[in-house]
Amino acid sequence: MKLGFIGTGVMGQSMVGHFLASGHHVNVYNRTKSKTDKLVAKGAVWCDTPELVAAESEVVFTMVGYPADVEEVYYGEKGIFQTDVAAKYLVDFTTSTPKLAEQIYQTAKEHGAASIDAPVSGGDLGAKNGTLTIMAGGDEEAYQKVEPLFEIVGKTCHLHGSAGKGQHTKMANQIMIAGTMTGMTEMLVYADKAGLELPQVIETLSGGSAANWSLANYSPRILKEDFSPGFFVKHFIKDLGIALDEAAKMGLDLPSTALAKKMYDRLAEAGYESDGTQALIKLWWQDGKKS
Ligand code: NAP
């Protein structure tokens with residue numbers, strides 16, 4: 001199948017690798033062209049604009065950073081909607097707003113195309129291992145068409161309803177992660193101060209009811225003082241902002257999520273916005289080094 005992929009950063013890089021390995025033709029575009037070099041060496045085809053990617057592909061995936069980036073690649077001067085997208089499938093993997101997902105769905109429909117919002121969870125490791133969780137919104141028929149492609153990069157894929165519902169599901173996911181990241185971080189800070197052996201504490205807690213993904217994947221990175229992304233602090237702040245906005249629209253107060261966002265805002269203000277989210281410990285441990 002002729003696939004297109006726009007945004008070959010931490011996540012997109014690995015995802016395109018899986019599509020290529022499974023025998024698909026993949027047209028690629030990224031703002032910084034050099035980030036497609038390795039993929040082109042593996043057989044991907046560089047296109048000069050998102051518009052050209054869309055023109056040359058049956059299914060177009062986007063995995064960019066922020067909602068503004070999604071708007072640009074879809075609606076910009078050289079964006080996807082500049083070409084004839086009739087009968088094509090447009091899938092946005094970016095974590096973005098439900099409203100923008102609904103807007104893209106409508107525009108796609110007007111152009112005779114189908115759109116699915118399909119944000120993912122599972123981190124850089126999930127992308128590398130092809131084990132992402134994919135939460136989709138859109139029409140059932142379009143979802144059925146693209147699901148076999150989702151299975152190349154993901155392990156758990158579900159349609160959660162109409163356009164935007166994938167993004168709402170991702171916000172539910174991020175609200176949960178806000179708790180596991182702050183909990184895991186405070187646990188380490190406390191256990192360290194109490195004089196406990198952290199690797200042993202992690203092993204013990206991983207076998208009990210405190211077990212969770214953040215503990216399993218991020219606490220070992222913290223002990224190795226590896227604060228590379230992973231999942232960027234700046235992207236988590238974006239996600240928590242969207243989640244809190246959506247909650248406010250529904251008349252909901254989410255104090256724990258709001259506090260987590262404040263903590264990550266402080267971390268970004270301290271200059272760590274391009275670290276991975278495990279860098280939250282730097283609010284206690286200077287430069288992430290144990291006291
Ligand atoms: P990333 O490394 O920053 O990748 C985003 C890529 O999109 C970058 O290579 C960027 O290009 C490109 N891009 C941005 N705007 C563009 C535009 N207008 N035109 C073309 N390319 C553009 O981020 P990531 O970690 O892969 O995350 C991507 C998305 O997935 C984010 O929404 C994030 O919240 C979400 N997500 C991430 C993870 C994770 O663990 N990393 C997990 C789940 C979801 P440049 O190279 O020029 O910056």
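We count ligands from 1, going down the list as the structure has it; atoms in each ligand are counted the same way. Residues take their numbers from the sequence shown, with the count starting at 1.
If you check which protein heavy atom lies closest to atom 23 (O) of ligand 1, you get H235 CE1, 3.2 Å. The single protein non-hydrogen atom nearest to atom 45 (P) of ligand 1 is T32 OG1, 3.4 Å, given as residue, atom name and distance. In terms of protein heavy-atom proximity, atom 28 (C) of ligand 1 is nearest to V64 O, 3.3 Å. Annotation: atom 46 (O) of ligand 1 to nearest protein heavy atom, K35 NZ, 2.7 Å. Taking atom 9 (O) of ligand 1 as the reference point, the nearest protein heavy-atom neighbour is N30 OD1, 2.8 Å. The nearest protein atom to atom 41 (N) of ligand 1, hydrogens excluded, is given as G230 O, 2.9 Å; this is a heavy-atom distance. The nearest protein atom to atom 17 (C) of ligand 1, hydrogens excluded, is given as V73 CG1, 3.7 Å; this is a heavy-atom distance. For atom 2 (O) of ligand 1, the closest heavy atom belonging to the protein is V10 N, 2.9 Å.
We find that K261 and D265 are joined by a salt bridge, their nearest charged nitrogen and carboxylate oxygen being less than 4.0 Å apart. Salt bridge status for K289 with D192: absent, with no side-chain N to carboxylate O gap under 4.0 Å. In summary, D69 and R31 engage in a salt bridge, as defined by a charged side-chain N under 4.0 Å from a carboxylate O. One finds a salt bridge joining K282 and D275 here, because a Lys/Arg side-chain nitrogen approaches an Asp/Glu carboxylate oxygen to under 4.0 Å. E58 has no carboxylate O lying under 4.0 Å from a charged side-chain N of K88, or vice versa, which leaves the two without a salt bridge. Ionic pairing of R266 and E269 is not present here: no N-O contact between side-chain nitrogen and carboxylate oxygen is shorter than 4.0 angstrom.
Heavy atoms of R31 found under 4.0 angstrom from ligand 1 belong to the backbone as well as the side chain. When non-hydrogen atoms are compared, ligand 1 lies under 4.0 Å from the backbone of M11 as well as from its side chain. At a heavy-atom distance under 4.0 Å, no atom of F93 approaches ligand 1.
For N30 (side chain) and K35 (main-chain N/O), no donor-acceptor pair under 3.5 Å exists by modelled atom type.
The shortest N or O to N or O distance between K238 and ligand 1 is below 3.5 Å. Residue contacts with ligand 1: K170 is placed with no nitrogen or oxygen under 3.5 Å of a nitrogen or oxygen of the ligand (distance criterion only).
Using a non-hydrogen distance threshold of 4.0 Å, Y66 does not register as a contact of ligand 1.
With no hydrogens or angles considered, a side-chain donor-acceptor pair links T180 and S214 at under 3.5 Å.
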